Amino acid sequence: MEKKITVICGDGIGPEVTKQSIKVLNAVAEQFNHKFNYDQQIMGACAIDKTGDPLPQATIDSCKNSDAVLFGAIGHPKYDNDPHAKVRPEQGLLRIRKELQLYANIRPISTYPTLQHLSPLKPDRLQDVDLVIYRELTGGIYFGEKTLSDDKNTASDLCLYTKAEIERVAHLAFNHAMNRKKKITLVDKANVLETSRLWRKVVQEIAQQYPEVAVDYMFVDNASMQLIIKPKQFDVILTENMFGDIISDEASVLSGSIGLLPSSSIGSGTALFEPIHGSYPQGAGKDIANPVGSVLSAAMMLDYFEMYEEAALVRRAVSWALEHGFVSQDIDSVNYYSTSVIGDLMKDFIEQKAPSEINKKYVVLGKSTII
Ligand SMILES: NC(=O)C1=CN([C@@H]2O[C@H](COP(=O)(O)OP(=O)(O)OC[C@H]3O[C@@H](n4cnc5c(N)ncnc54)[C@H](O)[C@@H]3O)[C@@H](O)[C@H]2O)C=CC1
Ligand SMILES: CC(C)CC(=O)C(=O)O
Ligand SMILES: [Mg+2]
């Protein structure tokens, strides 16, 4: 099969982690006789530096003409620390989500037995945790009208949702729940917010079309706690844009690191695949970032291409690396491997070369061992 993939590395650690996914995808293409044609495009701070625009038209055009988009991360401290900046890297990401109508962001959260020691939670709380967050991605407060008064002392961000916006993402979540444990938790703040009450009403209506799915409603403040104390109660979490953004970073502690978590963004345009983390500027250029979130996003892209065997192989490569301790600094601060070595190891695993060559070929960067 031949696929065109727009690759947007972005800023900070984005290029370093995305490079590992490309290595892995190339190994998959080789093994399964596929052809992946990559079209590299820019977005974020690097695009502002080059063109003045965080989302140049060429990037939009490439995405719209591709089978999928593989994205790293955007963001730079020079904008984060400047409240007066007129143009921001994040605008590029929000705009591409809108341009491609990517209204659902799907963030699966799983745990790995060998990483459970990383979590502050007791192992029995983590066993069998397997949940997926459906985050609405093109509406809500991130997209509402923004105001700043002339004296710059008063600001507002409008949170707006329509019934149609809620319905389309809710149907995706219910359909997914039907193939899982048939449970949905709507996370909202319906005791305070009118938008959340609309979410509840629309979800209650939709639930009638899915009588086999048990629906639970939880306020976001309680959900933030329940995710940590009783994560096994969740199957599919459905929530609006900002709550989904926040609780998915929180849920990453169940897995062990935010660097492990992938996502897919789907809707009516070209689908986009990205790790849930940001550009981690402190780690940029150091070859220390965890590439797993990006590589698992590439696996989600392979699923989207209906290359299920290929996606499963990529996931096995990730599990193999984690189980054998081929992990980055966020997972093991003493014995850790570089981003690029972990990418090489996963590529070798896919090419069935890894086990015999490991000891000769790779070094540990951390202070204790050189093998
Ligand atoms: N999708 C995107 O492109 C996103 C972009 N951002 C942007 O990224 C920049 C930094 O934002 P932060 O709030 O610091 O979030 P961040 O996700 O970039 O980093 C937060 C912390 O998570 C850890 N981390 C993140 N990714 C990691 C990885 N792959 N491996 C190991 N550790 C990792 C690091 O300890 C880091 O300090 C900002 O400019 C922000 O706007 C933030 C979130 C998402
Ligand atoms: C620009 C932000 C909304 C990015 C982010 O934090 C995310 O999508 O997770
Ligand atoms: Mg986020």
Side-chain angles (χ1 to χ4, degrees), residues 104-113 115-137 139-142 159 161 166 169-207 210-264 275-277 293 296 330:
N105 182 228
I106 301 154
R107 299 185 160 187
I109 318 288
S110 40
T111 54
Y112 299 90
L115 303 186
Q116 285 180 5
H117 63 283
L118 292 172
S119 171
L121 307 191
K122 292 196 189 101
D124 62 319
R125 285 193 189 172
L126 291 170
Q127 249 159 33
D128 306 320
V129 166
D130 171 25
L131 61 103
V132 57
I133 298 173
Y134 271 72
R135 165 188 173 196
E136 199 289 328
L137 201 61
I141 198 166
Y142 291 174
C159 182
Y161 269 109
I166 300 166
V169 64
H171 278 296
L172 290 178
F174 272 92
N175 277 315
H176 198 166
M178 287 294 288
N179 297 318
R180 291 174 51 97
K181 287 177 241 154
K182 297 189 172 58
K183 181 174 180 195
I184 283 200
T185 307
L186 175 67
V187 170
D188 63 24
K189 191 72 186 171
N191 49 348
V192 179
L193 300 177
E194 205 56 52
T195 43
S196 285
R197 287 191 275 271
L198 181 64
W199 271 83
R200 278 207 185 192
K201 179 176 155 291
V202 174
V203 167
Q204 278 163 7
E205 283 165 16
I206 289 177
Y210 302 87
E212 290 169 59
V213 179
V215 187
D216 193 14
Y217 302 90
M218 200 179 275
F219 298 134
V220 63
D221 39 1
N222 181 27
S224 306
M225 176 180 65
Q226 295 292 334
L227 263 172
I228 299 301
I229 61 170
K230 222 173 141 201
K232 269 185 261 189
Q233 70 184 288
F234 297 106
D235 178 22
V236 175
I237 291 179
L238 170 63
T239 190
E240 57 102 83
N241 200 343
M242 183 164 72
F243 295 159
D245 189 5
I246 296 168
I247 64 168
S248 50
D249 272 32
E250 186 199 10
S252 75
V253 302
L254 301 169
S255 299
S257 166
I258 193 171
L260 296 165
L261 291 197
S263 81
S264 66
I276 81 154
H277 60 71
L296 290 175
D330 51 319

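On a predicted model such as this, the values are computed, not experimentally measured, just so you know.
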Does V203 reach the side chain of F174, with side-chain heavy atoms less than 4.5 Å apart? yes
Above 12 or not: heavy atoms from other molecules or residues under 6.0 Å from NZ of K181? yes
Measure the shortest side-chain to side-chain distance between K201 and I166 over non-hydrogen atoms and say whether it is less than 4.5 angstrom. no
Does W199 reach the side chain of V169, with side-chain heavy atoms less than 4.5 Å apart? yes
May I ask you to test the D221-K189 pair for a side-chain heavy-atom distance under 4.5 Å? yes
Check this for me: does any side-chain nitrogen of one of D188 and R197 sit under 4.0 Å from a carboxylate oxygen of the other? no
Considering non-hydrogen atoms only, spot the tightest contact between A223 and M218 and give its length. CA-SD, 3.5 Å
For S263 and I276, indicate whether the former's side chain and the latter's backbone hold a donor-acceptor pair under 3.5 Å. no
So OH of Y210 and CG of N175: to nearest 0.5 Å the spacing works out to 4.0 Å
Could you check if a side-chain atom of I246 sits within less than 4.5 angstrom of a side-chain atom of V220, using non-hydrogen atoms only? no
Got a salt bridge between D245 and R135, using NZ or NE/NH1/NH2 to carboxylate O under 4.0 Å? yes
For A177 and I184, the nearest pair of non-hydrogen atoms, with its separation, is CB-CG1, 3.7 Å
